[in-house]
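Chain letters run A, B, ... following the sequence lines, proteins first and then strands; every chain starts at 1.
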Number of protein chains: 2
Amino acid sequence: MDERQALTSFAALSQETRLAIVRTLVVAGPGGLAAGLIAERMGVSPSNVSFHLKELERSGLIAQRRESRSIVYSASYDALADLVKFLMEDCCAGHPMIREGMQRPDGCCKAAAARSEGDIVA
Amino acid sequence: MDERQALTSFAALSQETRLAIVRTLVVAGPGGLAAGLIAERMGVSPSNVSFHLKELERSGLIAQRRESRSIVYSASYDALADLVKFLMEDCCAGHPMIREGMQRPDGCCKAAAARSEGDIVA
DNA sequence: TCAATGATTCAAGGATTATTGAACAATGGA
DNA sequence: TCCATTGTTCAATAATCCTTGAATCATTGA
């Protein structure tokens, strides 16, 4: 991810409705949600949600596809991963002080290590 | 980190000069850099850099301290780590597809991420 | 105290972004 | 074909943000 795309991604996420849309679409999964459904959940007008969806698509954070009468939007997991990566590695220079704050609370690494040794993880 | 702070942090990073300042300060380390030096490196006027530094401080991503005649700015590593964390866990719901793109250099969690892939299937 | 240095604040402007409602386009069923 | 459904686009307004230069504040040394 280059800097230009990072800038537009940050801009996309800096608006309340758009951040809420992204969070909703991430949870919704690859199946995505129709524009009308998103508008309803966000409590905004169709034209307003359309404006924000277009912004998000322009940034690459979400994708759209037509499905019959509906236009279905879904999160671009790759783009989101790229953004996290950019923030951690490019922007924050892979700084130890920041990586340290990123210990995974789910015990992911411990579980992975345990599994590789054939143990059962609770 | 709450949503409100995430929004202002994203807004802060969505501007070219400010993103450059953050990157510069992260590399500069805890010692930080004086405002004048930052202005010089960014190639912008003192008043303009002051404006952006204030925005960044308001978002909590950087901190300031006076040091003799200079005002020295430094990166808030905690805030940056919190933002990465928010993006990964709150915003992206700790989604495996996104975590996967975030392998640490040692490949620690590769196995666990691969195993979790099934979670996203609706 | 005075002058010089380093930086912020303020006001004015220009530019970008957000919101609203009306008009328009695409799809699928009767 | 006609119509209802589903979304988008457009134009106008409102709100925010960015830039600039002049004025101001704080600190230090002579």
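- A heavy-atom distance below 4.5 Å is found between the side chains of A/R23 and B/D90.
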Show me, pair by pair, the donor-acceptor contacts under 3.5 angstrom made by side chains of residues 55-62 of chain B, not counting sequence neighbours?
from: B/E55; atom 1: OE1; to: B/R58; atom 2: NH2; distance (Å): 3.4
from: B/S59; atom 1: OG; to: B/L56; atom 2: O; distance (Å): 2.7
from: B/S59; atom 1: OG; to: B/L61; atom 2: N; distance (Å): 3.3

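- No donor-acceptor pair under 3.5 Å is formed between the side chain of A/S50 and the backbone N or O of A/S47.
- Taking 4.5 Å as the limit, every side-chain heavy atom of A/I21 sits out of range of all side-chain heavy atoms of A/Y73.
- When DNA chain D is scanned in the 5' to 3' direction for atoms under 4.0 Å from non-hydrogen atoms of chain A, the outermost contacting nucleotides are D/dA4 to D/dT9.
- Heavy-atom minimum distance, B/L33 versus B/A28: CG-CB, 3.9 Å.
- You'll find the side chain of B/E16 reaches within 4.5 Å of the side chain of A/E3, heavy atoms only.
- In this structure the side chain of B/M42 never reaches within 4.5 angstrom of the side chain of B/H52, judged on heavy atoms.
- Looking at residues two or more places apart in sequence or on another chain, you find no salt bridge (Lys or Arg N to Asp or Glu O under 4.0 Å) involving B/R66.
- Among pairs with a residue in residues 31-49 of chain B, none fulfils salt bridge (charged side-chain N to carboxylate O under 4.0 Å, His left out), at least two apart in sequence or across chains.
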Letter by letter from the 5' end, nucleotides 6-18 of chain C scores (B base, S sugar-phosphate only, - none; protein heavy atoms under 4.0 Å) SSBB--------B
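- From one end of the helix from C/dG14-D/dC17 to C/dA30-D/dT1 to the other, with five pairs defining each end axis, the axis direction shifts by 20° (rounded to 10°).
- Atoms CG and CG, from A/L87 and B/L13 in turn, are 6.5 Å apart once rounded to the nearest 0.5 Å.
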